Number of protein chains: 2
Amino acid sequence: MAKKPDLLPGTLDMLILKTLARGPLHGYGIAQSIKRLSEDVLTVEEGSLYPALQRLLLAGWLKGEWKMSETNRRARFYTLTRAGRKQLGVEISEFEQMIAAIGRVLAAPEEA
Amino acid sequence: MAKKPDLLPGTLDMLILKTLARGPLHGYGIAQSIKRLSEDVLTVEEGSLYPALQRLLLAGWLKGEWKMSETNRRARFYTLTRAGRKQLGVEISEFEQMIAAIGRVLAAPEEA
DNA sequence: TTTCTATCCATAGATAATCTATATATTGGC
DNA sequence: GCCAATATATAGATTATCTATGGATAGAAA
């Protein structure tokens with residue numbers, strides 16, 4: 001019970017946006033990139049990734065176009081839009097504020 | 001749309017356990033304590049708090065007993081069990097691992 | 001005395017995010 | 001011809017959180 005999640009809920013969009021800020025990539029490549037950079041701590045399941053990409057496309061933060069991948073398969077390459085880059089900044093700063101706040105709670109001394 | 005959440009999903013149990021590691025408290029006091037320590041960044045809504053407390057009781061990480069509060073109202077005071085303290089350690093270390101992993105992704109350079 | 005505010009508990013229902021499982025298809029190596 | 005890796009996508013379940021209520025009491029204020 002209480003299985004360890006593959007990632008921190010609420011951070012996936014930010015991770016995708018950040019990954020794409022490094023350059024256009026297809027979905028499979030995004031998942032691999034996050035896994036590799038996080039040193040295998042974060043895993044993005046397909047069932048999380050593709051719905052998230054739809055969300056981000058719909059929000060106008062990404063655009064997508066079909067191309068051939070490095071391995072010669074058809075793949076949809078996503079690129080960060082200007083709005084997407086702005087959103088990335090917003091998400092990072094909100095995230096950092098949250099983390100700092102949690103840090104303050106965790107740092108509270110345990111003796112009265 | 002996409003309203004900023006009151007806290008990072010997945011961190012509430014840890015925050016409650018940590019708060020109780022500082023000493024027994026009733027639900028209302030837990031929420032206040034988290035809000036205050038986080039400097040108003042984190043807000044725990046009742047609709048999140050009480051179900052969470054039920055979860056934690058059921059898991060054996062807390063015990064609860066009815067008493068009179070400082071303000072002379074009946075209130076249920078929660079105390080961390082030994083298992084709860086252990087769980088707190090587990091959750092903190094998993095959380096820190098996640099944060100470190102996210103940090104690595106966010107620190108990745110944006111130029112190829 | 002009545003009313004208001006803060007304190008305290010709790011649940012129902014909606015929403016959102018993620019995970020599990022599955023389906024499909026193609027390339028290239030063996 | 002088969003298999004592993006690459007690649008996209010959806011349905012359904014699960015879980016966590018938020019919104020919105022509802023109820024009750026103490027003490028201050030009016």
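Below, read A as the first sequence line, B as the second, and so on, with proteins coming before strands; counting in each chain starts at 1. Owing to the predicted nature of the structure, the values given are computational and were not obtained by experimental measurement. Below, each value reflects all heavy atoms present in this structure, side chains not excepted, and no hydrogens, waters or symmetry copies.
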request  = Whole angstrom is fine here: how far is it from OH in A:Tyr50 over to C1' in D:dT8?
outcome  = 5 Å
ask   = Once you round it to whole Å, what is the distance between P of C:dA16 and CG of A:Leu8?
value = 20 Å
Closest to side chain of B:Glu46, choosing from C:dT18, D:dA7, C:dC9 = C:dC9
query = Looking at the side chain of A:Tyr78, which of D:dA9, C:dC9, D:dA7 is the nearest nucleotide?
reply = D:dA9
ask   = Just how far, in rounded Å, is C1' of C:dA17 from CE of A:Met14?
value = 15 Å
ask   = Could you state the CD-C1' distance from B:Gln54 to C:dA12, rounded to the nearest angstrom?
value = 14 Å
key: Value rounded to 0.5 Å, distance of CG in B:Asp13 from CZ in B:Phe95   = 13.0 Å
query = Atom CZ in A:Arg76, atom CG in A:Leu53: separation rounded to 0.5 Å?
reply = 8.5 Å
query = Among the nucleotides D:dC18, C:dC8, D:dA7, which one has an atom lying closest to any side-chain atom of B:Asp6?
reply = D:dC18
request  = Working to the nearest 0.5 Å, report the span between CD1 of A:Ile16 and CZ of A:Arg55.
outcome  = 7.0 Å
task = Find the distance B:Glu45:CD to D:dA20:C1' and express it as a whole number of Å.
result = 11 Å
request  = Report which part of the nucleic acid A:Gly29 touches: base, sugar-phosphate, or nothing (heavy-atom distance under 4.0 Å, all strands).
outcome  = nothing
message = Any side-chain N or O of A:Arg55 below 4.0 angstrom from OP1/OP2 of C:dT18?
response = yes
ask   = Which part of the nucleic acid, if any, lies within contact of B:Gly47, taking any heavy atom under 4.0 Å across all strands shown: a base, the sugar-phosphate backbone alone, or nothing?
value = base
message = Between A:Thr71 and D:dA5, is there a contact of a side-chain N or O with OP1 or OP2 at under 4.0 Å?
response = no
inquiry  = Side chains of B:His26 and B:Gln32: any donor to acceptor distance under 3.5 Å?
reply    = no
request  = Measure from CH2 on B:Trp66 to C1' on C:dT7 and round the result to the nearest Å.
outcome  = 13 Å
task = Would you indicate, yes or no, if C:dC19 has its OP1 or OP2 atom less than 4.0 angstrom from a side-chain nitrogen or oxygen of A:Ser48?
result = yes
key: Below 4.0 Å: OP1/OP2 of D:dA9 and any side-chain N or O of A:Arg76   = yes
task = Check every atom of D:dA7, C:dC19, D:dA9 against the side chain of A:Leu7 and return the nucleotide holding the closest atom.
result = C:dC19
ask   = Quick one: B:Arg74 CZ to C:dA6 C1', roughly how many Å, whole number?
value = 17 Å
key: Nearest heavy atoms of B:Thr19 and B:Ser33, plus distance in Å   = CG2-OG, 3.6 Å
request  = Mark yes or no for a side-chain to base donor-acceptor pair under 3.5 Å between A:Arg73 and C:dT26, with no hydrogen or angle criteria applied.
outcome  = yes
task = Using a heavy-atom cut-off of under 4.0 Å over every strand shown, decide if B:Thr11 touches base, sugar-phosphate, or nothing.
result = sugar-phosphate
inquiry  = Whole angstroms only, please: what is the OH-P distance between A:Tyr28 and C:dA25?
reply    = 19 Å
